[in-house]
Amino acid sequence: MKVLITGGAKGLGRAFSEVLGAQGHQLVLTGRDERALGLARAELRAAGVDVETHVADLADPRATPKVIEHLGGIDVLVNNGALGGPVGPTWQVDETEWWHAVEVNLRGTASAANAAIRAMTRGRIINVVSNAGVHRWPYVTAYSVSKAAVVKLTENLAIELKDRPIAVLSYDPGMVDIGLMRRGAGTCSDDPHVQRIARWVRSQRAGGKFTPVEQSADLLARIVRGEFDHLSGGLVTPADA
Ligand SMILES: NC(=O)c1ccc[n+]([C@@H]2O[C@H](COP(=O)([O-])OP(=O)(O)OC[C@H]3O[C@@H](n4cnc5c(N)ncnc54)[C@H](OP(=O)(O)O)[C@@H]3O)[C@@H](O)[C@H]2O)c1
């Protein structure tokens, strides 16, 4: 299957790419960082994976749709690319930075999904969300609010698509020791709110609440294969594995 993964060159997206590539899927990776995309492309190709990469900023609502149109459609979209957004009391963080994170995480996800649906006769859209979109995550509200909105977008799109063979699922990969969570745990910032988040992330990790990256990527691969299409509109988590 032809699978487009936004933010596919780094963090969890990169882990997803490795598992999906090893399973023989044809990959298209996007992101802002041309160097990271080039490195991921070279390493995946060396492992025999059919992969192409495109620079596409999710803050530009035309960028990912252009890639999808250029490809003439895809079978699966993994809407993985996202920003953690600013950390701190909502009324104190920079509002422009807050809104930018919401735009990338919500509008970027919606624009990519819309373009994929327009170009697709059958397939699936997988929106990578987070526990932060289901439960309150104070001090990271741009992240929490945007992920909650993506969960609702998924539910609504699934109803609108119920007469077409296109499934739309939210996927919470669990808390994984990679990307946002690893950086969150390892920060050496003096900011008390950043430190508070770091302490919480470390306590979750120490308490065994993290999901191994392999488990997270394997479950994503099962969603890509269509094993959860019957739950279209719903949220898949590692508890469903
Ligand atoms: N790590 C976890 O434990 C965890 C838990 C739950 C959910 N998630 C979700 O998993 C996904 C990946 O997170 P991660 O932890 O791997 O974070 P990460 O390491 O920060 O990776 C984020 C990815 O998104 C891309 N990205 C960010 N802004 C972008 C933009 N404006 N346009 C295009 N691409 C953009 C980045 O690529 P460029 O820098 O090249 O743009 C990067 O590949 C996110 O949706 C996150 O919410 C992660």
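Counting starts at 1 for both ligands and their atoms, following the listed order.
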Got the closest protein heavy atom to [atom], with its distance?
{"atom": "atom 12 (C) of ligand 1", "value": "N80 OD1, 3.2 Å"}
{"atom": "atom 39 (O) of ligand 1", "value": "K10 NZ, 2.7 Å"}
{"atom": "atom 46 (C) of ligand 1", "value": "Y143 OH, 3.4 Å"}
{"atom": "atom 13 (O) of ligand 1", "value": "L180 CD1, 4.1 Å"}
{"atom": "atom 20 (O) of ligand 1", "value": "R183 NH2, 2.7 Å"}
{"atom": "atom 16 (O) of ligand 1", "value": "L12 N, 2.8 Å"}
{"atom": "atom 5 (C) of ligand 1", "value": "G174 O, 3.0 Å"}
{"atom": "atom 2 (C) of ligand 1", "value": "M181 CG, 3.5 Å"}

Just to be sure I read this right, does ligand 1 sit under 4.0 Å from the backbone of [X], its side chain, both, or neither, counting only heavy atoms?
{"X": "D57", "answer": "both"}
{"X": "R32", "answer": "both"}
{"X": "V104", "answer": "side chain"}
{"X": "K147", "answer": "side chain"}

Out of all atoms in ligand 1, which are within 4.0 Å of some heavy atom of [X]? Include the element for each.
{"X": "V176", "value": "1 (N), 2 (C), 3 (O)"}
{"X": "G11", "value": "16 (O), 19 (O)"}
{"X": "I178", "value": "1 (N), 15 (O)"}
{"X": "M175", "value": "3 (O)"}

Is there a heavy atom in [X] that sits closer than 4.0 Å to ligand 1?
{"X": "T6", "answer": "no"}
{"X": "G84", "answer": "no"}
{"X": "P173", "answer": "yes"}

Do P238 and Q215 come within less than 4.5 Å of each other through their side chains, counting heavy atoms only? yes
Kindly indicate whether the side chain of W99, heavy atoms from C-beta on, has any atom under 4.5 Å from the side chain of V104. no
Checking [X] side chain against [Y] main chain: does a donor-acceptor pair fall under 3.5 Å?
{"X": "S111", "Y": "R107", "value": "yes"}
{"X": "N80", "Y": "G7", "value": "yes"}
{"X": "R222", "Y": "A241", "value": "no"}
{"X": "T30", "Y": "H54", "value": "no"}

State which residues pass salt bridge (charged side-chain N to carboxylate O under 4.0 Å, His left out) with E18; sequence neighbours excluded, sorted by chain then number. R14
Parallel, tilted or perpendicular: which describes the rings of F16 and Y171, with under 30° parallel and over 60° perpendicular? tilted
Where the closest heavy atom to [atom] is concerned, which of [options] has it?
{"atom": "atom 27 (C) of ligand 1", "options": "G7, A82, G31", "value": "A82"}
{"atom": "atom 33 (C) of ligand 1", "options": "A56, G81, A185", "value": "A56"}
{"atom": "atom 9 (C) of ligand 1", "options": "V128, T30, L37", "value": "V128"}
{"atom": "atom 7 (C) of ligand 1", "options": "V129, I5, D172", "value": "V129"}

Take K66 and E69 through the salt bridge (Lys or Arg N to Asp or Glu O under 4.0 Å) test and state the conclusion after the steps. CA-CA 5 Å; K66 253 191 219 157; E69 284 154 24; over 6 Å; no
Write out all pairs satisfying side-chain hydrogen bond (donor to acceptor under 3.5 Å, both in side chains) with one or both partners inside residues 117-137, taking only residues at least two apart or from two chains. N79-N127, R124-D229, N127-T154, N131-W137
Report the residue from V87, I197, V201, V194 that forms a side chain to side chain contact (heavy atoms under 4.5 Å, CB included) with T187. V194
What verdict does the side chain to side chain donor-acceptor pair (under 3.5 Å) test give for T90 and W98, after you've listed the backbone C-alpha separation in whole Å, the side-chain angles of each residue and the deciding distance to 0.1 Å? CA-CA 8 Å; T90 306; W98 194 93; 4.8 Å; no
Steps toward salt bridge (Lys or Arg N to Asp or Glu O under 4.0 Å) verdict (D177, R182): CA-CA 5 Å; D177 194 7; R182 180 175 286 185; 3.4 Å; yes
Value for CD1 (I74) from CD1 (I68), rounded to nearest 0.5 Å, stands at 4.5 Å
Looking only at distances, please establish whether an N/O atom of ligand 1 is found under 3.5 Å from an N/O atom of L83. no
I want to know if ligand 1 touches G13 in the polar sense, i.e. an N/O pair below 3.5 angstrom. no
Take atom CZ in R225; do more than 12 heavy atoms of anything else shown fall under 6.0 Å from it? yes
